[in-house]
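Beneath this line is the structure, given in structure tokens, with notes to follow.
Chain identifiers are assigned alphabetically (A, B, ...) following the order of the sequence lines, protein sequences preceding nucleic acid strands; residue numbering begins at 1 within each chain. As a basis for the values below, the full set of heavy atoms in this structure was taken, side chains included, without hydrogen atoms, waters or symmetry mates. What you see is a predicted model, and the numbers here were worked out from it, not measured in a lab.
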There are 4 protein chains.
Amino acid sequence: MESIKAVKIKNIGILTSGGDSPGMNAAIRAVVRASYYYNLYTTGVIRGYDGLIKNEFMHLDRKSVANIIQRGGTVLKTARSEGFMTKEGRELAYKNLRAKRIDALVVIGGDGTFTGANVFSQEFDIPIVGLPGTIDNDLAGTDFTIGYDSALNTVVEAVDRIRDTAESHNRLFIVEVMGRDSGLIALRSGIGVGAESIMIPEAKMTVNDLIDRLERGRKDKSSKIIVVAEGDRSGGSFQIGETLKEKFPNYDIRVSVLGHIQRGGKPSCMDRVLASRLGVAAVEGLLSSKSGVMVGLVNQEVTYTPFSQAIKHIDAETVTPGWMKLVDILSL
Amino acid sequence: MESIKAVKIKNIGILTSGGDSPGMNAAIRAVVRASYYYNLYTTGVIRGYDGLIKNEFMHLDRKSVANIIQRGGTVLKTARSEGFMTKEGRELAYKNLRAKRIDALVVIGGDGTFTGANVFSQEFDIPIVGLPGTIDNDLAGTDFTIGYDSALNTVVEAVDRIRDTAESHNRLFIVEVMGRDSGLIALRSGIGVGAESIMIPEAKMTVNDLIDRLERGRKDKSSKIIVVAEGDRSGGSFQIGETLKEKFPNYDIRVSVLGHIQRGGKPSCMDRVLASRLGVAAVEGLLSSKSGVMVGLVNQEVTYTPFSQAIKHIDAETVTPGWMKLVDILSL
Amino acid sequence: MESIKAVKIKNIGILTSGGDSPGMNAAIRAVVRASYYYNLYTTGVIRGYDGLIKNEFMHLDRKSVANIIQRGGTVLKTARSEGFMTKEGRELAYKNLRAKRIDALVVIGGDGTFTGANVFSQEFDIPIVGLPGTIDNDLAGTDFTIGYDSALNTVVEAVDRIRDTAESHNRLFIVEVMGRDSGLIALRSGIGVGAESIMIPEAKMTVNDLIDRLERGRKDKSSKIIVVAEGDRSGGSFQIGETLKEKFPNYDIRVSVLGHIQRGGKPSCMDRVLASRLGVAAVEGLLSSKSGVMVGLVNQEVTYTPFSQAIKHIDAETVTPGWMKLVDILSL
Amino acid sequence: MESIKAVKIKNIGILTSGGDSPGMNAAIRAVVRASYYYNLYTTGVIRGYDGLIKNEFMHLDRKSVANIIQRGGTVLKTARSEGFMTKEGRELAYKNLRAKRIDALVVIGGDGTFTGANVFSQEFDIPIVGLPGTIDNDLAGTDFTIGYDSALNTVVEAVDRIRDTAESHNRLFIVEVMGRDSGLIALRSGIGVGAESIMIPEAKMTVNDLIDRLERGRKDKSSKIIVVAEGDRSGGSFQIGETLKEKFPNYDIRVSVLGHIQRGGKPSCMDRVLASRLGVAAVEGLLSSKSGVMVGLVNQEVTYTPFSQAIKHIDAETVTPGWMKLVDILSL
């Protein structure tokens with residue numbers, strides 16, 4: 001995890017990879033400003049690992065990250081890279097890094113990003129520190145990922161709008177939120193919107209359980225919201241909608257898939273502060289010879305976790321029961 | 001249009017009907033407060049025409065509409081009514097109105113609402129004035145309907161978020177907005193979001209036209225947004241997405257259906273002011289013996305238009321060419 | 001108004017001047033894209049008339065205005081210019097324009113901007129068309145100025161927040177909004193927030209009138225909002241607050257000055273569409289030999305009004321009584 | 001802290017006290033729903049301790065807290081109470097509680113609220129659990145108070161707007177945020193908005209330090225934001241503004257006091273989840289014989305802290321240096 005590098009770092013390369021998340025720009029800004037503070041240069045890599053292979057770099061100085069802290073998306077752009085999954089691709093990437101005299105990397109992304117970084121840092125002698133930039137919050141080694149809080153607020157704001165309509169029509173709404181492998185967006189946003197029930201991959205709840213839940217539930221509610229994670233195993237939001245319509249022909253049931261709005265928008269204050277703290281800590285980590293690690297915040301303290309551990313998903317199944325009971329209580 | 005009623009109005013019934021729209025509550029408040037100002041009583045009808053038939057009423061005084069001007073949805077709730085399409089249903093509705101000593105009606109809704117009101121006002125001697133409450137802006141007799149401006153802002157805000165992601169990934173996004181019979185939401189919001197192209201029922205543009213447009217267009221854009229109205233005749237947003245993917249295999253194409261968030265949320269200032277002015281004008285219209293008319297704002301002036309004319313859709317085809325040229329120019 | 005210029009226009013200079021307003025960037029984008037459409041070049045002038053004098057220009061092509069339609073402020077920056085009020089300053093400005101081969105100007109701003117443009121276009125033979133970019137809506141020749149609608153929404157959103165607090169504490173809030181010479185922001189936003197009363201320069205209402213109003217008003221309201229225009233003649237919001245505290249010692253009275261948040265933020269859809277239409281119309285106006293005019297939208301139609309007429313404020317006194325009665329009715 | 005009460009709890013009284021904060025309604029809802037879950041009754045006390053003395057109660061069942069999770073302010077209203085600071089007042093309060101058969105209290109508020117609760121719980125045998133409801137985050141025993149995160153987002157959103165204007169005019173803005181005794185809102189929001197510098201009571205920074213900071217700082221920034229806490233000891237935001245104007249006559253300096261908008265608005269998702277978890281934990285705490293304690297969340301775990309410890313402010317001076325260095329790095 002903390003291999004000692006004899007090479008003195010002078011020039012840090014930065015890239016964003018995988019799905020974008022609000023706060024990535026705040027993280028880039030923090031890395032660039034901290035590098036300047038510690039007398040280092042920074043070089044931006046465009047479009048993630050793909051840009052590393054295709055030799056797409058951009059100059060980054062402290063002025064070039066002015067006025068981006070509040071912007072969604074990433075000014076460095078992001079992409080998936082088939083090439084980086086091959087040995088040839090990574091060799092080319094390393095050659096390009098050397099040619100640019102980049103002697104350390106900060107990678108901002110999620111588990112796919114760190115899986116790649118893990119291999120790369122083992123194959124080539126370049127220090128790499130990762131920043132958790134994903135709306136999914138599905139990484140170990142940090143209480144929250146950069147973008148999670150903003151995505152939750154976007155979901156909550158969208159469902160607040162949907163509830164206006166649901167209340168006016170006495171409707172039941174099935175709202176699908178992002179999270180292919182993780183129900184964490186659904187879980188917290190579901191509590192935030194006052195959901196009647198929440199369907200997530202970790203909970204192994206079936207549509208029959210949901211039907212039971214609705215039959216037991218209060219009948220005099222003027223609206224009900226069911227939050228379903230994208231990765232729910234019980235058939236998907238439209239299938240759930242169909243089953244409920246058959247079972248409850250008198251309900252006015254609608255399905256709404258929130259989709260890509262969840263990735264965008266201005267980052268929340270929490271995400272800006274988190275990205276700022278972690279961005280500075282990434283540079284300080286590299287300077288203290290850390291490599292192959294993701295920097296995170298656990299119980300308000302900066303922590304460095306090896307990539308191999310960070311990408312092991314939190315065992316949501318052990319976390320879930322307490323939260324599901326909370327949903328049950330709150331939706332009474 | 002302006003039949004003289006000998007009956008002096010003392011108690012105005014108010015209902016909202018059809019799809020809800022932001023600003024309906026501001027309109028209800030204005031009708032209640034204006035009634036108080038002119039020494040009239042008001043009675044709320046719950047869930048539109050259906051509540052009229054099922055005898056669901058609620059007391060409404062000037063205090064009961066406090067602090068609702070900013071709320072989305074409708075405190076009177078709304079519903080579609082099969083019953084009101086039958087003669088028996090309308091007879092029952094009239095009987096209930098009489099029993100409640102309601103001697104005039106204000107109905108807030110869209111073309112379905114006014115179609116019903118038109119028949120009802122011809123069959124029974126009860127003065128009715130309509131308020132245009134729909135996000136679609138598809139009524140004649142008013143420049144803007146209550147809720148249209150708010151829905152446009154919701155669309156624009158959602159697409160701003162999507163663009164963050166689109167810019168970060170160099171993606172083309174197909175965004176479907178509401179409007180089953182009318183492209184007016186797509187048209188204005190499309191200009192507002194800086195759309196590459198807009199597909200609306202009125203324009204008779206085919207997917208081939210869209211492909212031409214994209215082939216002629218600038219290739220160095222970092223993202224492109226196509227706004228598609230729900231009612232577009234060229235196959236729907238997902239079908240358009242499939243066709244484009246086949247034609248442009250190198251594009252990263254995504255589809256996002258905005259859905260029900262468009263109906264909800266706090267009304268914009270414009271919608272609150274419009275609803276407030278029209279709500280007062282509805283009461284003043286009834287007092288000056290207007291009936292069978294929708295009150296609207298045309299060129300900043302209050303106007304009363306017979307229901308039969310209001311529900312004739314604006315001939316969007318004649319309006320469209322100028323706007324489509326605007327889209328062409330702005331997306332260069 | 002429409003002097004015929006023999007000179008064929010090839011290169012349009014664009015500047016923003018005076019206070020910034022949301023939608024200025026959308027207007028700049030529209031001017032640049034429309035110029036491209038009509039085979040013209042565009043040159044940006046930085047920091048308004050001051051940049052004209054100090055020779056600060058920037059290249060503007062259709063790509064350089066990508067992704068700015070949604071941004072507040074102005075990418076061309078803006079400033080007040082003492083120099084442009086002198087003959088020498090304007091001569092220098094003209095020399096610089098000629099040196100840059102700029103043969104027409106689009107100026108975006110308010111009455112100060114157009115006063116300068118009026119003099120300049122009379123002194124030198126350069127066609128100038130103005131775009132109404134101000135949150136104040138105090139120009140003749142257009143129903144709405146670019147930025148007015150966005151500012152109204154910002155005010156309404158801020159006061160919605162303040163009302164949460166006011167309702168929780170049974171408080172009376174005096175909220176000061178922008179408008180040094182015009183009460184138009186106060187008037188519409190006051191209706192939008194459901195104000196108890198509105199104090200604007202045009203209405204000549206005194207604090208005693210306000211006290212009367214409060215004494216006559218309903219005592220059981222859980223909160224009251226008084227909206228005061230910056231330019232109100234009755235002493236300013238803090239003075240009004242002091243007087244009310246003396247008169248009503250039992251009221252919990254607070255003053256809030258909204259300040260500069262009113263100029264910023266993303267433009268509303270209405271402002272984006274307005275700016276887009278007027279930006280294109282400005283270029284088309286220059287091409288049809290218009291000069292010395294502001295382009296506006298009156299009753300949905302593009303209109304060109306001589307600067308000298310545009311800067312004559314609308315006679316708000318004649319407009320005001322109807323709106324003030326509306327406030328009286330709605331706050332019952 | 002955890003005195004054992006022989007009395008079995010059947011009816012929990014709930015009140016909100018002190019300044020309102022976003023999320024108080026979510027907390028009320030959680031207390032009511034959890035009480036129902038555990039077969040307890042709940043009674044609402046209106047306007048805090050004052051309502052306790054004046055015998056103002058309201059019925060609260062699980063339905064009466066429907067659809068309030070997203071609302072700012074508090075449906076129970078809040079007030080400061082002079083009476084409760086006297087022994088007679090508290091005796092009357094206790095008598096009223098007994099008469100209403102309320103046998104436990106949940107109080108939601110800040111340090112003033114808990115100071116009162118502390119005395120009351122020592123004088124009378126009624127179990128009391130507190131919920132941290134304040135935007136200031138200045139309580140020990142919880143990482144975050146309910147409302148803090150929402151207030152931060154409101155500040156950040158407001159300053160984003162101000163920056164649009166600041167950028168357009170090359171201005172320096174002094175923005176005053178809430179926090180009479182604590183700089184915690186200023187500290188985090190300052191990082192969130194990318195502030196040039198932050199002035200807080202804990203840091204003992206003088207205006208001369210600020211002047212030094214500005215003189216050393218980068219001169220080519222297009223705008224600068226200084227965030228000042230209300231309780232800053234160096235003279236207040238307007239005084240700082242005057243001093244800077246004298247020292248830097250060429251700067252365009254403006255002051256903006258954000259004021260009461262910071263208390264209002266919809267709670268963020270984080271605040272809704274926090275309020276929901278703590279509300280349930282408050283009821284569970286009472287059921288497990290806890291009293292005289294505030295329930296908080298420390299490192300994601302529910303914690304009960306005696307009132308006397310909770311109201312001791314966190315020693316921000318020890319926390320501050322690390323954050324101030326962060327500001328220095330990020331504003332380079």
message: Salt bridge check, D328(B) against K325(B): does any charged N sit closer than 4.0 Å to a carboxylate O?
response: no
task: Count the heavy atoms belonging to other residues, nucleotides or ligands that lie under 6.0 Å from OH of Y38(C), then report whether that count exceeds 12.
output: yes
field: Beyond-backbone contact of D252(C) with L172(C), side-chain heavy atoms, under 4.5 angstrom
entry: no
- prompt: Contact part of D149(C) toward chain B, heavy-atom cut-off under 4.5 Å: side chain, backbone, both or neither?
  reply: side chain
message: Counting heavy-atom pairs closer than 4.5 Å to chain B, which one of R188(C), Q300(C), K63(C) comes out on top?
response: K63(C)
task: Heavy atoms only, distances under 4.5 angstrom: which of V298(B), V273(B), V65(B), D271(B) has the most pairs with chain C? Name it, please.
output: V273(B)
- prompt: At what distance, to the nearest 0.5 angstrom, does OG of S189(C) lie from CD of Q262(C)?
  reply: 8.0 Å
message: Can you tell whether the side chains of R62(C) and D220(B) come within less than 4.0 Å, N to carboxylate O?
response: no
message: Can you tell me which portion of N67(B) sits under 4.5 Å from chain C's heavy atoms? Options are side chain, backbone, both or neither.
response: side chain
message: Within the structure provided, determine whether T43(B) and N11(B) are in side-chain contact (heavy-atom separation under 4.5 Å).
response: yes
Portion of S331(B) that has a non-hydrogen atom of chain C nearer than 4.5 angstrom: backbone
- request: Name the region of F144(B), side chain, backbone, both or neither, that has any atom closer than 4.5 Å to a heavy atom of chain C.
  value: side chain
- request: Select, from R29(C), M270(C), K266(C), the one with the greatest count of heavy-atom pairs under 4.5 Å involving chain B.
  value: R29(C)
message: Heavy-atom pairs under 4.5 Å with chain B: which of V193(C), I191(C), I69(C), V32(C) has the most?
response: I69(C)
field: Contact class of E301(B) relative to chain C, heavy atoms under 4.5 angstrom
entry: neither
- prompt: Hey, does D136(B) have a side-chain heavy atom less than 4.5 Å from the side chain of L184(B)?
  reply: no
field: Per-residue contact mode, V280(B) against chain C (heavy atom under 4.5 angstrom)
entry: side chain
query: By a 4.5 Å heavy-atom criterion (distance strictly below it), what part of E157(B) contacts chain C: side chain, backbone, both, or neither?
result: neither
- request: Could you tell me which portion of I329(B) (side chain, backbone, both or neither) has an atom closer than 4.5 angstrom to a non-hydrogen atom of chain C?
  value: both
- prompt: Of all of V155(B), L152(B), N299(B), V156(B), which one pairs up most often with chain C through heavy atoms under 4.5 Å apart?
  reply: N299(B)
statement: Turns out that what part of D143(B) lies under 4.5 Å from chain C's heavy atoms comes down to side chain
field: Point-to-point distance, once rounded to the nearest 0.5 Å, from OH of Y251(B) to CG of N170(B)
entry: 11.0 Å
message: Less than 4.5 Å to any heavy atom of chain C: does that hold for the side chain of L326(B), its backbone, both, or neither?
response: side chain
- request: Look at D164(B) together with R161(B) and state whether they make a salt bridge at an N to O cut-off of under 4.0 Å.
  value: no
task: Say whether S268(C) and N153(C), considering side chains only, have a donor N or O and an acceptor N or O under 3.5 Å apart.
output: no
